[in-house]
Amino acid sequence: YVDRIWGVRQEMGKLHFSLGRGPAYSYELLWGGREFRVESDGCRARVLIDGQERFCHPCGVRLITDADGTLLATRPLE
């Protein structure tokens with residue numbers, strides 16, 4: 001459940017980076033030999049793939065990407 005609000009999860013070959021608001025957090029998913037990470041201060045979040053920053057975005061959204069980190073969609077969380 002936590003990864004649906006404050007983390008990253010893999011679903012049907014797509015990655016869902018959920019940038020929830022609230023306290024500071026970090027969340028990491030290891031999948032297919034790769035590292036997918038969200039780091040947030042609760043207002044703004046960074047998305048890192050294999051240690052490289054791909055996105056920096058205000059919290060309150062879910063970024064959906066393909067396995068390489070190409071942005072496919074942005075959806076509101078709240």
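Not measured: the values here are computed from a predicted model.
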#### Entry: Hphob cluster co-occupancy, Phe17 + Trp31, side-chain heavy atoms under 4.5 angstrom
yes
### Task
Give, for atom CG of Leu48 and atom SG of Cys56, the distance between the pair rounded to the nearest 0.5 Å.
9.5 Å
## Note on the structure
Smallest heavy-atom separation, Trp6 atom then Tyr27 atom, equals O-CB, 3.5 Å
### Query
Distance from Thr74 atom OG1 to Leu19 atom CG, nearest 0.5 Å?
9.0 Å
#### Entry: Spacing of CD belonging to Glu28 relative to CG belonging to Leu30, to within rounding of 0.5 Å
4.5 Å
### Test side-chain hydrogen bond (donor to acceptor under 3.5 Å, both in side chains) applied to Gln52 - qualifying residues, sequence neighbours left out
none
### Set of residues satisfying side-chain hydrogen bond (donor to acceptor under 3.5 Å, both in side chains) with respect to Ser26, sequence neighbours excluded
Arg37
### Task
Search all heavy atoms of Val38 against all heavy atoms of Ala45 and return the closest pair with its distance.
CG1-CB, 4.3 Å
### Query
Can you get from Leu29 to Val47 by hopping between Ile, Leu, Val, Met, Phe, Trp and Tyr side chains that sit under 4.5 Å apart?
yes
### Query
Does anything in residues 46-56 pair up under salt bridge (charged side-chain N to carboxylate O under 4.0 Å, His left out), and if so which pairs, sequence neighbours excluded?
Arg34-Asp50, Glu39-Arg46, Arg46-Glu53
Only distances under 3.5 Å count here; give the side-chain donor-acceptor pairs of residues 57-67 to other protein atoms, sequence neighbours excluded, each with its distance to 0.1 Å.
unit_1	atom_1	unit_2	atom_2	d
Arg62	NE	Ser18	OG	2.9
Arg62	NH2	Arg4	O	2.6
Arg62	NH2	Ser18	OG	3.4
Asp66	OD1	Asp68	N	3.0
Asp66	OD1	Gly69	N	3.0
Asp66	OD1	Thr70	N	2.9

